[in-house]
Amino acid sequence: MDLVKYAPVGQYLPRNSPLHRLDPRTKILATMALAVVLFLLRAMAGLGLFAVASLALLVLGQIPLGYALRGLRPVIFLLLLTVVLNAFFGSGGSEARTLFVLGPLVATEEGLRTGLFVGARLLLLVTITSLLTFTTSSVELADGLEWLLRPLRRVGLPGHEIAMMMTIALRFIPTLLEETERIMKAQTARGAEFGQGNIVRRAQALVPVLVPLLLSAIRRSEELALAMEARCYSSSAPRTRMKELRWGLGDAVAGVLVVAASALLVSVR
Amino acid sequence: MRQPFIEVTDLRYTYHPHTPQAVVALDGLSLSIGRGEYVGIVGGNGSGKSTLAKHFNALLLPASGRVIVGGQDTRDRSATLAIRRRVGMVFQNPDNQLVATVVDEDVAFGPENLGLPSPLIRERVDRALATVGMTAYRRHAPHLLSGGQKQRVAIAGVLAMHPECLILDEATTMLDPEGRAEVLATVRTLHRDEGMTIVAISHTLEDLADAERIVALDAGRIVLDGPTGQVFDQLSRSPLARIHAPPMARLAHWLRQDGVPLPPGLFTVEALVSALAALAGRDGASHA
Amino acid sequence: MPDPLIACEQVHYTYLRGTPMAAVALRGVSLEVQPGELLALIGPTGSGKSTLIQLCAGLLRPTAGVVRVLGQDLWGPRADRRRARRQVGLAFQFAEYQLFEETVRRDVAYGPKNLGCSEEEIAQRVDEALRQVGLDPAGFGDRSPFSLSGGEMRRVALAGVLAMRPGVLVLDEPTAGLDPRGREELLARIQALHRQGQTIVLVTHGMEEVARLARRVIVLHEGRIVLEGSPGEVFAHEEDLHRIGLGLPEAARLVRLLQCRGLRVADALTVEDARAAIVAALRGQDRGPR
């Protein structure tokens with residue numbers, strides 16, 4: 001039970017790589033563009049190329065492969081489920097070749113292939129989004145997001161508040177994971193059993209974890225609000241930034257590269 | 001006489017007023033804190049010490065009475081931000097006051113709220129981190145730091161706003177002895193070298209040994225107020241239920257009771273050793 | 001000699017073994033906890049104390065070595081970890097944060113309920129545990145734990161562990177963050193429990209608490225045991241302790257400094273002992289030759 005250390009979900013990794021130095025807006029837009037490209041790809045070859053490119057980006061961002069892989073742990077179950085479900089129920093039509101039969105279920109080769117393809121796509125999607133959070137601090141991310149949401153302010157979308165909420169959420173993920181782990185251990189020491197019995201019992205077993213966790217989250221948010229107020233925070237007053245958003249040469253280069261790569265990938269499909 | 005920086009006059013504050021759960025936290029309290037003073041405020045749970053602290057930077061406003069900070073009334077809404085800039089506050093739980101996922105970005109939070117230009121923020125952040133000795137951790141994630149380091153980052157976050165007064169609200173309570181020593185040393189330097197006004201709130205008198213003056217609270221009133229040594233001696237003679245004198249002050253008191261003619265105002269190991277050695281003719285000078 | 005309640009043999013533990021972020025927490029620790037003793041476990045932050053007690057409670061599995069509870073290997077092929085776990089009652093630091101029930105009574109009952117005790121037995125255990133921590137079951141039982149003071153909440157959490165009737169009570173920093181009155185009340189309760197025969201392992205940063213309560217002290221540093229003995233023996237190694245970032249109790253430091261100044265003061269660990277030692281030394285000197 002080492003949730004914090006096993007799950008670097010969205011955990012920024014301070015480095016001084018070219019990717020870290022890019023403007024957060026560039027990285028957010030590029031990630032969005034690449035995600036769209038990912039869903040336009042039809043062939044395994046395209047996915048292969050995409051995977052190679054993602055690997056290259058991880059290296060460029062100085063992200064240790066082991067660290068990136070651990071970030072995938074939470075989605076492994078989802079991936080396996082995707083592959084298995086597709087293998088059994090995926091498209092294939094009447095000419096589908098049978099791989100094996102499991103009671104009333106028939107696994108087809110085409111189904112399995114679809115499953116692997118969809119799984120790989122999901123894997124790459126998680127990889128590129130984590131690449132964004134690995135190389136962009138929560139404050140930068142929020143600033144970038146706030147800027148990108150600016151046009152929507154006219155329709156009443158509170159961009160600043162959303163961005164602030166996101167910063168704080170990212171800041172408190174590890175703290176709350178740590179706390180969850182501690183409370184689970186404490187209740188285990190009082191004879192609790194997690195993940196045993198039927199769904200109802202499992203859900204009941206979580207109450208002694210969720211109640212303290214919720215109370216703690218409320219207490220933390222109250223204290224944080226007070227601390228922010230004490231540091232002169234006010235959502236209405238104009239704020240400045242230590243790191244101002246500024247498009248640089250690197251961003252231009254990155255932009256061109258992303259557009260070129262996207263075009264290439266989409267043409268290969 | 002020092003020029004007063006914080007002036008509290010007949011302050012009353014009640015939580016949940018006009019309800020059955022109403023709790024009187026401050027019950028007609030008056031206090032003046034001078035510019036450049038290092039004051040320790042001590043009291044048990046429910047003595048009102050944290051409530052009082054929150055009045056010093058307008059996080060709470062008086063139900064009746066007045067709090068004047070640097071000449072500004074905290075009830076004057078237009079002065080709120082100015083007062084909060086002048087009076088910085090560090091809280092008990094280090095985890096619940098850091099906003100950003102990187103140390104220097106967190107320290108920048110205050111100055112950013114003040115709307116300072118970017119290069120100036122950078123400069124202040126670097127200075128503040130250097131002052132608390134955390135420059136090497138500039139690009140670290142706060143959640144991986146020790147408790148003492150987190151509190152030093154929190155102090156840097158306050159310093160970057162260039163305050164005149166620093167309030168520590170139980171800021172050492174959750175730390176291990178090492179972290180406690182780190183934070184106390186940082187605060188000592190700020191007081192000595194920068195002449196900053198310090199108000200430290202704690203239920204442990206040992207953590208207030210650096211203060212020049214101790215104010216003891218009980219049930220929302222001041223029960224003792226005076227120079228540190230005097231207050232500690234007084235507490236050793238007649239202890240209060242929720243405030244205990246530091247162990248060395250108590251020992252000195254017992255020894256006086258046993259007929260050892262010790263001078264007043266001893267509350268650290270070092271001071272007691274010198275006094276006892278002098279009595280025994282072992283202070284070096286009279287030894288021969 | 002009776003069987004030890006807990007026995008660790010050459011226990012190692014590495015967090016995230018086999019990854020680039022692996023961190024070694026324990027490097028071959030062997031220790032035994034004997035029935036009825038009050039053992040203090042001290043060491044600087046990061047020395048492996050909390051890993052060690054979690055191993056003893058069966059919450060972590062050692063990467064090498066054996067942890068036995070009542071002679072049974074916790075991770076052996078036929079181990080009944082549940083049974084072993086209830087022998088080791090672990091109260092975490094800031095234990096009040098694990099309270100979750102609507103009433104004090106129900107919260108304390110959580111452990112015995114998990115053990116499958118009968119209704120009468122649960123009620124009996126809850127009342128006993130609350131009395132053990134100095135809370136009157138009639139007065140406190142039906143109150144919400146969240147309406148209590150910090151010190152009272154901490155004691156309710158402790159009662160929740162005691163209601164398991166563990167062979168060993170393991171307390172991680174039980175007095176951290178409490179005000180002096182809360183601390184005194186809790187320390188008195190721990191002392192009383194020990195007098196009633198409860199085996200206790202106390203993890204603490206407070207050297208005064210060690211001097212006052214413990215009969216035996218184990219010092220951990222970088223995942224190894226570096227010192228072991230009675231409080232007097234351990235605190236005699238001032239330099240060694242200082243090197244790893246630990247200090248002496250203030251009274252012991254005072255006496256040590258007086259001795260350095262040439263005063264013949266007997267060793268003392270607590271303020272009470274220091275008072276007697278200093279008075280005796282000053283009187284002895286008056287009578288001695290001038």
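All figures in this text were calculated on a predicted structure; none of them were measured in a lab. Labels below follow one simple rule: chain letters A, B, ... track the order of the sequence lines, proteins then strands, and each chain is numbered from 1.
With no hydrogens or angles considered, no side-chain donor-acceptor pair links C:Thr103 and C:Asp142 at under 3.5 Å. With hydrogens and angles left out, the side-chain atoms of C:Asp267 and C:Gln259 include a donor and acceptor closer than 3.5 Å. In this model, no donor atom of one side chain and acceptor atom of the other lie less than 3.5 Å apart for C:Ser149 and B:Asn45.
With values rounded to the nearest 0.5 angstrom, B:Asp27 atom CG is found 14.5 Å from B:Tyr13 atom OH. Taken from CG in C:Leu202 to OG1 in C:Thr175, the straight-line distance is 8.0 Å, to the nearest 0.5 Å.
Using a 4.0 Å cut-off between charged nitrogen and carboxylate oxygen, C:Arg243 and C:Glu222 do not count as a salt-bridge pair.
The six-membered or imidazole ring of C:Tyr15 lies near that of C:Tyr13, with a centre-to-centre distance under 6.0 Å.
Taking chain C as the reference chain and counting heavy-atom pairs below 4.5 Å, the highest number among B:Met248, B:Gln92, B:Glu170, B:Met174 is found for B:Met248. Note: C:Arg275 leads C:Arg275, C:Arg253, C:Arg181, C:Arg183 in heavy-atom pairs under 4.5 Å with chain B. With chain B as partner, the option from C:Thr45, C:Leu258, C:Leu254 having the largest number of non-hydrogen pairs under 4.5 angstrom is C:Leu254.
Interface with chain C: from residues 254-271 of chain B, residues B:Trp254, B:Leu255, B:Gln257, B:Asp258, B:Val260, B:Val269, B:Glu270 qualify, criterion being any non-hydrogen pair under 4.5 Å.
Using a 4.5 Å cut-off between heavy atoms, C:Leu178 touches chain B through its backbone atoms (N, CA, C, O) alone. Both the backbone and the side chain of B:Ala241 come within contact range of chain C, judged by heavy atoms closer than 4.5 Å. Neither the backbone nor the side chain of C:Glu208 comes within less than 4.5 Å of any heavy atom in chain B.
Side chain of B:Glu206 to main chain of B:Ala245: no donor-acceptor pair is present (N/O by atom type, distance under 3.5 Å, no hydrogens or angles).
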Go through the steps to decide whether B:Gln149 and B:Arg152 satisfy the test side-chain hydrogen bond (donor to acceptor under 3.5 Å, both in side chains), and finish with yes or no. CA-CA 5 Å; B:Gln149 290 172 329; B:Arg152 277 149 70 200; over 6 Å; no
